[in-house]
Amino acid sequence: MYKNKYMNKKVRVRFAPSPTGGLHLGGVRTVLFNYLFAKQHQGDFIVRIEDTDQTRFVEGAEDYIFNTLEWCGLVPDESPKHGGPFAPYRQSERKAIYRQYAEELVNAGYAYYAFDTTEELEQMRNNYKTSENPSPQYNHTLRAKMRNSTCLSANDVSKLLADQTPYVIRIKMPEDQTVSFTDMIRGEVSFNTAQVDDKVLLKADGMPTYHLAVVVDDYLMKITHAFRGEEWLPSAPVHLLLWKYLGWEAEMPLWAHLPLILKPDGHGKLSKRDGDRLGFPVFAMDWKDPKSEELTVGFKERGFLPEAFVNLLAVLGWNDGTDNELFTIEELIEKFSMERVHKGGAKFDYEKAKWFNHEWIKKSSASQLNNKVAKILAQNNIEVKDNELLNTVIDLVKERCTLLSDFLMQSSFFFKNPEQFDTASIQPKWDATKNQFFIELANAFELSILWNSADLEKEFKELAAAHQLKPGELMLPLRIMLVGGKFGPGVFDIANLIGKEATVARIRTVVGLL
RNA sequence: GGCCGGUUCGUCUAUCGGCUAGGACAGCCCCCUUUCACGGGGCAAAGACGGGUUCGAUUCCCGUACCGGCUACCA
């Protein structure tokens with residue numbers, strides 16, 4: 001597989017989300033690729049919570065992440081929730097660890113103290129902003145003009161430190177150096193350090209930024225392969241240098257930068273707003289913002305099967321080289337490979353997403369769907385007393401359900417009388433002969449001894465012939481009488497399942513309405 | 001603006017120098033079905049552009065265009 005220095009090492013991968021809100025399609029896909037890769041190599045899948053930005057912390061977001069992973073069946077081997085030998089797995093709880101490495105970098109001359117205030121930074125950006133350079137960077141050209149330990153005297157620095165002046169630690173990017181690495185998806189990617197700024201490593205509040213934390217933790221947690229979104233590519237040189245400066249270069253994981261999931265229309269990264277705007281979910285499960293109380297619908301609640309959700313995510317940017325698009329998680333574990341991940345971003349197509357769900361509903365057995373369907377019916381005050389009947393109904397209607405919620409319309413009439421009848425569709429062609437036919441049909445059914453689809457159909461057709469009516473023009477009225485509208489499986493199958501009493505009663509009800 | 005990445009039917013994609021460019025979703029038509037589906041069959045639909053390299057380029061190289069990402073004491 002990967003013929004490299006990790007051949008003899010146990011594969012360890014991590015998903016490192018920030019607990020700032022609901023888990024997005026792209027996030028779950030990153031989890032999935034991590035999970036598949038880990039399981040394929042009998043490795044470990046770790047979830048590490050990157051909560052270093054205290055201002056963005058959102059209550060409940062972490063639980064939401066774990067609930068989502070559980071729903072998807074992508075359960076981590078190690079995490080703050082599941083424990084593990086490298087605990088703690090929450091970066092806020094590892095705060096003390098990072099400072100020592102940051103100081104180490106300063107001592108080695110790879111990083112420095114910077115005392116600039118927010119206002120000073122803003123001023124610098126304003127001062128040096130030109131039309132050719134709209135966003136000046138804190139880099140090798142400008143750092144000498146700022147307040148930091150590269151240009152201040154040792155005395156001044158000691159004094160500022162002694163006075164408890166707030167400071168950050170910044171990496172000292174080399175002036176002109178080419179750094180490159182081999183991405184599992186993209187191949188060799190290289191950068192010139194002149195183009196990247198002196199990123200903050202340790203913030204004034206003592207928390208590390210992502211850049212420091214991800215390197216330190218990936219090292220300490222013995223991560224062998226690191227997968228993340230393409231938006232991280234530009235900061236790869238910072239991370240690369242950090243691995244080197246900290247003396248861990250030999251342990252550096254193999255990286256893969258995953259393509260982005262884009263808006264279906266317009267341009268740009270898919271966001272929660274696009275879902276609201278276009279009417280489809282982007283979060284895995286319902287997410288309620290604790291502050292605004294705003295509810296964002298999820299794929300789960302929209303009626304998606306987790307198997308379908310995982311399947312559709314897997315093939316958004318990846319394929320196995322054949323024409324097959326339907327995969328179980330086991331098949332994905334077996335077939336997945338990072339090399340076959342497409343490089344370009346993919347626009348999300350909700351229609352195709354629904355197709356996956358439809359396929360999964362069709363291939364699921366009635367007993368696999370039973371609980372989920374029963375729950376949806378129960379939410380709509382339909383109590384299912386007979387589970388066997390529900391299974392029969394599910395098998396009868398599942399091919400016409402795209403979302404689990406479709407089971408409501410497709411099967412409620414098996415359990416209770418329709419509340420509305422689409423009599424408007426019968427009316428135009430209704431006449432005395434048909435009226436008489438249905439009165440007699442109800443009577444005949446009432447006296448039937450045999451109650452099964454085939455005999456009911458036979459009886460129906462014989463009676464139609466007796467009235468010199470074509471069965472065709474009677475089928476639609478009968479359907480509407482039994483189910484309420486122009487939908488559902490075969491009419492005689494329905495009559496058979498709902499039984500004599502309900503069949504007769506519904507026919508008479510509707511005849512009375514016409 | 002700079003840096004990095006990307007670019008095949010409307011959408012997701014196959015192709016690893018030989019292509020009549022294949023599949024899937026969506027669309028349209030037909031069959032099956034006197035509902036809606038399922039199923040079966042069919043139609044329409046693509047290599048951003050310009051240069052190279054080559055007997056031969058969608059495939060390799062270089063430009064250009066376009067799209068995206070990044071350019072925070074956010075991740």
Side-chain angles (χ1 to χ4, degrees), chain A residues 16-20 50-53 55-56 114 116-118 121-122 125 129-139 166-170 183 185-186 189-192 194-197 199-211 213-214 228-237 257 259-260 262-265 267-269 312 315-326 340 342-356 358 362 397-402 406 409-410 422 425 470-476 478-480 483 485-491:
Chain A
S18 290
T20 54
E50 310 226 328
D51 54 350
T52 54
D53 186 356
T55 63
R56 293 213 309 160
D116 317 276
T117 63
T118 317
L121 289 172
E122 204 179 315
R125 287 184 185 116
K129 186 157 69 177
T130 60
S131 54
E132 298 88 58
N133 184 12
S135 39
Q137 298 190 314
Y138 201 121
N139 61 14
Y167 66 90
V168 301
I169 292 179
R170 285 182 182 268
D183 187 280
I185 297 171
R186 288 152 213 284
V189 186
S190 57
F191 305 83
N192 189 294
Q195 303 297 334
V196 351
D197 61 336
K199 291 277 180 231
V200 170
L201 265 19
L202 198 77
K203 301 187 262 189
D205 65 1
M207 277 288 191
T209 58
Y210 172 82
H211 307 295
V214 73
R228 63 200 338 182
E230 193 186 348
E231 69 269 28
W232 288 110
L233 212 38
S235 46
H257 290 87
L260 264 16
L262 310 167
K263 299 175 195 292
D265 61 349
H267 309 293
K269 273 201 286 188
L312 74 92
V315 298
L316 235 190
W318 172 84
N319 70 82
D320 74 341
T322 72
D323 286 339
N324 190 19
E325 297 186 273
L326 263 14
R340 289 202 64 90
H342 199 253
K343 295 182 182 76
K347 287 184 185 156
F348 181 66
D349 181 2
Y350 187 53
E351 290 307 317
K352 183 98 184 215
K354 285 194 293 192
W355 175 78
F356 278 104
H358 192 188
K362 281 191 290 177
V397 306
K398 69 182 184 187
E399 68 200 21
R400 49 204 93 202
C401 296
T402 297
D406 294 334
M409 182 194 184
Q410 292 295 342
D422 179 13
S425 294
K470 279 180 275 182
E473 49 186 332
L474 301 167
M475 293 290 278
L476 186 66
L478 179 58
R479 164 174 302 282
I480 291 174
V483 318
K486 292 189 266 191
F487 55 88
V491 257

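Here is the naming used below: chain letters follow the sequence lines, and residue numbers restart at 1 for every chain. These figures come from a predicted structure and were not determined experimentally.
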Between [X] ([atom1]) and [N] ([atom2]), how many Å, whole number?
X: A:Leu233; N: B:rC70; atom1: CG; atom2: P; result: 11 Å
X: A:Trp355; N: B:rG23; atom1: CH2; atom2: P; result: 14 Å
X: A:Glu399; N: B:rU35; atom1: CD; atom2: C1'; result: 13 Å

Let's test your reading of the model: under 3.5 Å, does the base of B:rC38 pair with the side chain of A:Arg400 as donor and acceptor?
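Result: no qualifying N/O pair found.
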Quick one: the side chain of A:Lys352 and the base of B:rA26, do they pair up donor-acceptor inside 3.5 Å?
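Per atom types, no contact qualifies.
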Scan [X] against the nucleic acid and name what it touches under 4.0 Å (heavy atoms): base, sugar-phosphate only, or nothing.
X: A:Val200; value: sugar-phosphate
X: A:Ser190; value: sugar-phosphate
X: A:Gly317; value: sugar-phosphate
X: A:Asp116; value: base

Between [Y] and [X], is there a side-chain heavy-atom distance shorter than 4.5 Å?
X: A:Ser18; Y: A:Asp53; value: no
X: A:His257; Y: A:Val189; value: no
X: A:Glu50; Y: A:Pro208; value: no

Take atom [atom1] in [N] and the same atom in [M], then report the distance between them in whole Å.
N: B:rA45; M: B:rG23; atom1: C1'; result: 14 Å
N: B:rC43; M: B:rU53; atom1: P; result: 40 Å
N: B:rC61; M: B:rC70; atom1: P; result: 27 Å
N: B:rU58; M: B:rA48; atom1: P; result: 10 Å
N: B:rU33; M: B:rG41; atom1: C1'; result: 16 Å
N: B:rG5; M: B:rA21; atom1: C1'; result: 26 Å
N: B:rG63; M: B:rG69; atom1: C1'; result: 23 Å
N: B:rG1; M: B:rU54; atom1: C1'; result: 39 Å

Short side-chain N/O contact to [N] OP1/OP2 from [X], under 4.0 Å:
X: A:Asn133; N: B:rG2; value: no
X: A:Lys203; N: B:rA75; value: yes
X: A:Thr52; N: B:rA75; value: yes
X: A:Arg170; N: B:rC73; value: yes
X: A:Lys354; N: B:rA26; value: no
X: A:Lys347; N: B:rG6; value: no
X: A:His342; N: B:rA14; value: yes
X: A:Arg228; N: B:rC70; value: no

Options [options], nucleotide nearest the side-chain atoms of [X]:
X: A:His358; options: B:rC25, B:rU35, B:rC38; result: B:rC38
X: A:Tyr210; options: B:rA75, B:rU35, B:rG23; result: B:rA75
X: A:Ala346; options: B:rU13, B:rC4, B:rG69; result: B:rU13
X: A:Arg186; options: B:rG1, B:rC25, B:rG5; result: B:rG5
X: A:Leu262; options: B:rC12, B:rG68, B:rA75; result: B:rG68
X: A:Pro471; options: B:rA14, B:rC70, B:rU34; result: B:rU34
X: A:Lys470; options: B:rU34, B:rC70, B:rG39; result: B:rU34
X: A:Pro234; options: B:rC70, B:rC3, B:rC25; result: B:rC70

Write down the atom of A:Leu201, the atom of A:Arg170, and the distance for their closest heavy-atom approach.
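Heavy atoms of A:Leu201 and A:Arg170 come nearest at CD2-C, 4.1 Å.
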Do A:Lys354 and A:Glu351 meet the salt-bridge criterion of a basic N to acidic O distance under 4.0 Å?
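A:Lys354 and A:Glu351: salt-bridged.
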Please classify the glycosidic conformation of B:rC38 as syn (within 90° of 0) or anti (everything else).
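You should classify B:rC38 as syn.
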